[in-house]
Amino acid sequence: MKVFNALGLVEVLGSADAIRVVDLMVKTSEVEFQTWHTKCGGHTTVFVSGDVAAVTEAVERVKEAPPCGIIKTAVISNPSEEAERLVLENRESSRFARAAFVQ
């Protein structure tokens, strides 16, 4: 079952910058924050979803007017089930991301 039309990924250094990126992306277009993932050294990747045009617009906005240092960006249209599973599992294990989806 397809969950996401597109995924947008933005890698930054640190949680504060990740929040700044999420804020800009959700204000730019109709995207929904899904989760973030932090690795060694504080590299944090933010994941948003939406239709391809909205995700592309949000990622391009971050690249054109970055609120902080941007390490890498990507847009994945029609992500594979495996990619979707990775995002959903990360969202489930992230206390911060889970809280964003509590009704």
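Residue E89 places its CD atom among more than 12 non-hydrogen atoms of other residues, nucleotides or ligands, all under 6.0 Å distant.
T28 OG1 to R61 CZ: the interatomic distance, rounded to the nearest 0.5 Å, is 5.5 Å. Atom CG of L13 sits about 7.5 Å away from atom OG1 of T44, to the nearest 0.5 Å. Expressed to the nearest 0.5 Å, how far CZ of F47 lies from CG of L7 amounts to 8.0 Å. To the nearest 0.5 Å, atoms OG1 (T73) and CG (L9) are separated by 9.0 Å. Separating the CG atom in D51 from the CZ atom in F4 is a distance of 14.0 Å, to the nearest 0.5 Å. To the nearest 0.5 Å, atom CD1 of residue I70 and atom CD of residue E64 are 12.0 Å apart.
Closest non-hydrogen pair, V12 versus G69, comes out as CG1-O, 3.7 Å. Residue V22 comes nearest to F33 through the heavy atom pair CG2-CD1, 3.7 Å, listed as atom of the first residue, atom of the second, then distance. Across all their heavy atoms, R20 and C68 have their closest contact at NH1-CB, 3.8 Å. Closest approach of I19 to W36, counting heavy atoms only: CG1-CZ3, 3.7 Å. When every heavy atom of G50 is checked against every heavy atom of N5, the shortest pair comes out as O-CB, 3.4 Å. Taking both residues in full, the closest heavy atoms of E84 and V3 are given as OE2-N, 2.9 Å, listed atom of the first, atom of the second, then distance.
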Checklist entry - What do the steps show when you test V87 against H37 for side chain to side chain contact (heavy atoms under 4.5 Å, CB included), and what is the final call? => result CA-CA 9 Å; V87 171; H37 184 72; over 6 Å; no
Next on the checklist: Test salt bridge (Lys or Arg N to Asp or Glu O under 4.0 Å) on E81 and R85; report intermediate values, then the result.
Outcome noted: CA-CA 6 Å; E81 288 183 16; R85 183 184 64 77; over 6 Å; no
Checklist entry - Could you walk me through whether T38 and H43 pass the side chain to side chain contact (heavy atoms under 4.5 Å, CB included) check? => result CA-CA 6 Å; T38 301; H43 287 252; over 6 Å; no
Next on the checklist: Working note: V26 + E32, criterion side chain to side chain contact (heavy atoms under 4.5 Å, CB included); need CA distance, chi angles, decisive distance, verdict.
Outcome noted: CA-CA 7 Å; V26 299; E32 185 174 352; over 6 Å; no
Checklist entry - After noting the C-alpha distance and the side-chain angles of E92 and L88, does the key distance pass the side chain to side chain contact (heavy atoms under 4.5 Å, CB included) rule? => result CA-CA 6 Å; E92 197 54 37; L88 293 171; over 6 Å; no
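When only modelled atom types and interatomic distance are considered, E11 and T45 share no side-chain donor-acceptor pair under 3.5 Å.
Hydrophobic clustering places L24 together with V10 (ILVMFWY residues linked when any side-chain heavy atoms are closer than 4.5 Å, directly or through intermediates).
Here the side chain of T56 pairs no donor or acceptor atom with the backbone of A53 at under 3.5 angstrom. With hydrogens and angles disregarded, a donor-acceptor distance shorter than 3.5 Å links the side chain of S29 to the backbone of A54.
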